[in-house]
Trainee: 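I have a structure here, written as structure tokens, and I will follow up with some questions on it.
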There are 4 protein chains.
Amino acid sequence: MAAGGARSGAGRKRDPEAHRAVLAAAEELLNEIGYHRVTMDRIAERSGVAKMTLYRWWPNKAAVITDAVRESLAPVAVPGTGDAVGDARAHLAALLGTLTRYGDASVVAGAMSSRGEAGRADLRDILAPWLDGLVAILGRAPLPPEFPVVLTAQSWIGYVVYRVVFLQEVITPDDLRILVDLPVQGLREPAF
Amino acid sequence: MAAGGARSGAGRKRDPEAHRAVLAAAEELLNEIGYHRVTMDRIAERSGVAKMTLYRWWPNKAAVITDAVRESLAPVAVPGTGDAVGDARAHLAALLGTLTRYGDASVVAGAMSSRGEAGRADLRDILAPWLDGLVAILGRAPLPPEFPVVLTAQSWIGYVVYRVVFLQEVITPDDLRILVDLPVQGLREPAF
Amino acid sequence: MAAGGARSGAGRKRDPEAHRAVLAAAEELLNEIGYHRVTMDRIAERSGVAKMTLYRWWPNKAAVITDAVRESLAPVAVPGTGDAVGDARAHLAALLGTLTRYGDASVVAGAMSSRGEAGRADLRDILAPWLDGLVAILGRAPLPPEFPVVLTAQSWIGYVVYRVVFLQEVITPDDLRILVDLPVQGLREPAF
Amino acid sequence: MAAGGARSGAGRKRDPEAHRAVLAAAEELLNEIGYHRVTMDRIAERSGVAKMTLYRWWPNKAAVITDAVRESLAPVAVPGTGDAVGDARAHLAALLGTLTRYGDASVVAGAMSSRGEAGRADLRDILAPWLDGLVAILGRAPLPPEFPVVLTAQSWIGYVVYRVVFLQEVITPDDLRILVDLPVQGLREPAF
DNA sequence: GGATAATCGAGACGGTACGTCCGGTCTTCCG
DNA sequence: CGGAAGACCGGACGTACCGTCTCGATTATCC
């Protein structure tokens with residue numbers, strides 16, 4: 001227009017409450033009815049946020065769920081008792097608990113992946129702290145410098161992901177004990 | 001009323017060509033446009049088979065895709081050179097090739113899981129030969145009897161699945177070498 | 001596909017009951033809640049027909065309503081008592097009744113027009129029988145051959161449409177009597 | 001809406017330029033993309049006026065368009081040559097030009113009607129000067145006192161509205177000549 | 001060979017969710 | 001303190017896909 005007027009910088013601010021309500025509703029619904037029955041309409045209804053607003057901030061359903069899951073996960077706390085083997089076991093047990101928090105973790109993971117590189121980045125972001133934690137634990141252990149710390153941690157996480165997320169099998173504490181001992185035992189108790 | 005008439009056994013026979021055409025079309029489409037853009041209608045159109053016929057033989061889309069994937073995978077050939085470590089590496093490399101055959105393996109896996117227990121059984125069926133192969137290879141190695149053969153094989157497969165399917169990372173031959181050496185090295189070169 | 005199979009001409013037949021139910025539901029809703037509150041979803045729900053089926057047979061809401069209106073209108077019966085003036089009056093009164101059948105005829109007409117040429121063709125189709133009727137009535141009257149029969153009929157219909165549809169005014173029987181007498185009176189009672 | 005106004009004393013004065021810009025933008029858009037594709041957002045964007053400001057002055061979209069149309073229409077000038085028949089023809093020709101100014105006049109009319117009584121009042125306001133003009137012209141003609149002046153004028157306007165707005169037909173000068181002669185000819189040339 | 005059955009291609013159908021669009025209201029900040 | 005900027009709710013839109021359901025035509029088997 002011609003006369004007077006405000007420049008940019010104006011405009012209503014994004015409602016943080018709406019953002020929070022959406023993620024909360026999404027997470028509740030995920031728990032209650034499972035991924036494939038969660039609907040954008042249902043999220044909108046439950047959160048009291050208009051569907052249009054959902055799509056203003058998230059490109060699609062998978063993105064909302066991803067965000068909700070990430071938000072809902074407790075921050076990863078790395079145990080530090082000094083006993084590397086025990087810490088690793090505890091950390092993996094915690095990861096296991098996280099991965100079984102939602103019934104159909106593999107469906108959720110598939111949904112994330114379906115968003116392409118962005119989705120996989122989300123997946124990496126979610127799993128990265130766990131890897132870092134294991135690496136830190138192993139870093140505190142008296143291992144030879146050439147020990148493949150990262151790869152070991154990856155194989156542990158892989159074991160858990162593979163059995164629990166992919167195959168929905170049950171991992172026992174014993175399994176974790178043996179798993180952690182596997183690469184380290186050669187170092188601790190050299191032979192049989 | 002009971003005596004007369006033709007009894008069962010009559011009727012047109014199932015067309016085996018239709019079955020083959022469906023799986024071929026499904027696999028092509030999976031390669032070309034990715035899981036979530038494959039539709040039953042598209043499979044029907046491409047294969048020249050009526051949609052109704054699809055549903056006569058498969059309960060749903062995920063089942064068709066699962067079958068198509070299973071069919072398309074080369075039969076698992078377990079190497080048997082006698083060198084357990086080399087065989088394990090070769091076998092894992094082959095698995096790696098299989099898992100990267102379809103761009104979005106994790107989406108497919110998620111889709112399978114979304115079918116519930118039946119889908120996970122399919123997933124297990126597909127992965128079981130690989131596990132069995134590794135177990136067989138390890139069984140031929142000079143390992144102490146209490147060595148956790150199955151768990152070791154699972155951690156290997158887990159490592160590959162986790163990095164390649166979940167995170168879409170690249171696994172190098174070196175990675176595989178280190179991975180396989182990890183649990184075994186303590187046995188071969190007892191101490192430092 | 002390869003072997004066996006049916007040729008074209010097959011396929012489930014269009015369900016005539018669905019077609020009928022849609023138009024009935026649309027007409028009911030039009031009467032009950034008015035054009036702009038009629039919704040494709042509501043039509044679908046009321047008729048028990050899937051929304052997708054609506055869009056298979058009609059391009060949009062306006063087309064459905066147009067069809068419903070056309071269907072609901074009683075066939076135009078041209079009176080033929082021999083008294084041209086009386087017949088014309090009766091015919092116009094009937095038209096008037098038709099046009100006030102739906103509260104907001106001009107909204108409906110606007111909706112039809114919004115479909116472009118196709119919609120205007122529908123409008124013409126609906127009004128054409130009324131014009132033809134008046135022309136036929138005038139054709140039976142003892143008028144000089146150069147009398148502008150069609151134009152007269154159009155001016156009569158125009159009068160009714162303009163006042164009743166556009167302005168939502170009330171037309172009295174007296175109005176109609178005077179209207180019809182207007183162009184004819186010069187012929188019947190030559191001068192004043 | 002027309003005048004509206006700034007209140008007493010304090011505060012910034014209402015910007016008349018904004019008012020003008022809105023109506024100009026609305027009218028341009030109406031010409032360019034047609035009624036149903038004109039949106040309040042587009043009017044706001046084109047005019048540089050905030051949407052909120054639109055709704056401060058006009059109750060809804062139809063009102064803005066109505067105002068824009070009314071503003072854009074040239075003031076009705078009633079011809080007064082003394083020749084009633086010629087004047088009537090000229091006046092109707094001018095009306096015809098006005099009604100065809102916007103492609104989809106019936107859509108606009110429908111939109112106005114959709115506002116209920118208020119909208120129809122707008123419609124009447126727009127058309128009233130034309131009716132008054134014709135009545136004035138007929139009032140200057142040497143007609144018998146009982147001649148239905150208003151009804152005649154209405155039938156003329158109705159003829160034009162019906163054919164041009166409703167059916168989007170073309171009206172020729174000849175049509176108008178015959179139309180006007182119709183009710184009057186009986187008076188001028190009593191019989192055949 | 002004729003009746004009986006099962007299969008197939010074609011495609012309409014009910015249902016459900018998607019992602020978009022727009023009308024109209026409300027909030028924030030700038031000049 | 002008026003107004004531009006723009007987020008927000010509500011609700012309809014038109015599309016896509018799933019899995020079911022007729023059709024009519026096409027084989028096979030059995031009597």
Side-chain angles (χ1 to χ4, degrees), chain A residues 1 3-15 18 36-42 44-45 48-57 59-61, chain B residues 4-15 18 36-42 44-45 48-61, chain C residues 1 3-15 18 36-42 44-45 48-57 59-61, chain D residues 6 10-15 18 36-42 44-45 48-56 59-62:
Chain A
M1 205 192 100
R7 301 288 163 282
S8 83
R12 181 176 181 172
K13 285 298 178 348
R14 173 172 178 179
D15 185 350
H36 78 285
R37 261 186 289 186
V38 176
T39 294
M40 287 303 245
D41 281 285
R42 272 198 254 258
E45 187 192 7
V49 164
K51 192 157 61 140
M52 203 35 217
T53 303
L54 293 189
Y55 282 102
R56 197 195 310 281
W57 301 113
N60 48 48
K61 168 180 159 181
Chain B
R7 70 193 118 284
S8 81
R12 181 177 181 172
K13 283 300 189 312
R14 172 173 176 182
D15 187 347
H36 77 285
R37 264 186 291 189
V38 176
T39 69
M40 290 302 246
D41 282 284
R42 274 197 252 260
E45 186 193 7
V49 165
K51 194 157 62 140
M52 189 62 216
T53 304
L54 293 188
Y55 282 100
R56 198 192 313 278
W57 302 114
W58 290 273
N60 49 47
K61 167 181 160 180
Chain C
M1 206 193 94
R7 300 289 163 286
S8 80
R12 181 176 181 172
K13 286 299 176 347
R14 174 172 177 179
D15 186 350
H36 79 284
R37 262 185 289 186
V38 177
T39 294
M40 289 302 245
D41 282 286
R42 274 197 253 258
E45 187 192 6
V49 164
K51 190 156 61 140
M52 201 40 213
T53 303
L54 293 190
Y55 282 103
R56 197 195 312 281
W57 300 114
N60 48 48
K61 168 180 159 182
Chain D
R12 184 173 175 172
K13 286 300 190 309
R14 172 176 163 186
D15 189 344
H36 77 285
R37 263 186 292 189
V38 177
T39 68
M40 290 302 248
D41 283 286
R42 275 197 253 259
E45 186 193 8
V49 165
K51 195 156 63 138
M52 185 68 210
T53 305
L54 292 188
Y55 282 102
R56 201 191 316 278
N60 49 46
K61 167 181 161 181

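Throughout, protein chains are lettered first and strands after them, A, B, ... in sequence-line order, and every chain is numbered starting at 1. Heavy-atom basis, side chains included; hydrogens, waters and symmetry copies ignored.
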Trainee: Less than 4.0 angstrom between a side-chain N/O of B/W57 and OP1 or OP2 of E/dC8, yes or no?
Mentor: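 Checking B/W57 against E/dC8: at least one side-chain N or O falls below 4.0 Å of OP1 or OP2.
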
Trainee: Taking CG from C/D41 and C1' from F/dG14, how many angstroms apart are they, rounded to a whole number?
Mentor: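 Value for this atom pair: 10 Å.
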
Trainee: To the nearest angstrom, how far is A/M52 atom CE from E/dA17 atom P?
Mentor: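 After rounding, the reported distance stands at 20 Å.
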
Trainee: Using whole Å, report how far CZ of A/R37 lies from P of F/dC18.
Mentor: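 Answer to the nearest Å: 18 Å.
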
Trainee: Distance check needed: E/dA17 C1' versus A/H36 NE2, whole Å only.
Mentor: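 The answer, rounded to whole Å, is 12 Å.
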
Trainee: Output the rounded distance in Å from NZ (B/K13) to P (E/dT7).
Mentor: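 Roughly 10 Å, once rounded to whole Å.
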
Trainee: If you check the B/M40 side chain, which of F/dC18, F/dG14, E/dT28 turns out closest?
Mentor: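 Nearest listed nucleotide: F/dC18.
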
Trainee: In chain order, what residues pass the side chain to side chain contact (heavy atoms under 4.5 Å, CB included) check against A/T39, with sequence neighbours excluded?
Mentor: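 Per chain and number, A/T39 pairs via side chain to side chain contact (heavy atoms under 4.5 Å, CB included) with A/D41, A/R42.
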
Trainee: Return the value, rounded to whole Å, for the distance between atom CZ of C/R56 and atom P of F/dG14.
Mentor: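 Answer to the nearest Å: 16 Å.
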
Trainee: Report the residues that fulfil side chain to side chain contact (heavy atoms under 4.5 Å, CB included) with B/A44, sequence neighbours left out, ordered by chain and then residue number.
Mentor: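 Per chain and number, B/A44 pairs via side chain to side chain contact (heavy atoms under 4.5 Å, CB included) with B/K51, B/L54.
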
Trainee: As a test of reading the structure: which of F/dA7, E/dC13, F/dA12 is closest to the side chain of C/T53, going by heavy atoms?
Mentor: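 Given the options F/dA7, E/dC13, F/dA12, the side chain of C/T53 is closest to E/dC13.
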
Trainee: Checking only heavy atoms, does the side chain of A/K51 share a donor-acceptor pair with the base of F/dG10 at less than 3.5 Å?
Mentor: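 Checked by distance alone, the answer is no.
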
Trainee: Return the value, rounded to whole Å, for the distance between atom OH of B/Y55 and atom P of F/dC17.
Mentor: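 From B/Y55 OH to F/dC17 P: 12 Å.
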
Trainee: What's the closest nucleotide to the side chain of C/R12 if the choices are E/dA12, F/dT27, E/dG19?
Mentor: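 In terms of side-chain proximity for C/R12, the closest of E/dA12, F/dT27, E/dG19 is E/dA12.
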
Trainee: More 5' along DNA chain E: C/V49 or A/N60, using each one's nearest nucleotide?
Mentor: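 Checking each residue's closest nucleotide, the 5'-ward one belongs to C/V49.
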
Trainee: Measure from CD on A/E45 to C1' on E/dA17 and round the result to the nearest Å.
Mentor: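 Taking atom C1' of E/dA17 as the reference, CD of A/E45 is at 14 Å.
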
Trainee: Which one, F/dC13, F/dC18, E/dC18, comes nearest to the side chain of C/K61?
Mentor: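 Closest nucleotide among those given: F/dC13.
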
Trainee: Hey, which sits more toward the 5' end of DNA chain F by its nearest nucleotide, A/G11 or B/R42?
Mentor: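 The residue whose closest nucleotide sits nearer the 5' end is A/G11.
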
Trainee: Which residue lies toward the 5' end of DNA chain E, C/A50 or A/V38, if each is placed at its nearest nucleotide?
Mentor: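 Looking at the nearest nucleotide for each, C/A50 comes out on the 5' side.
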
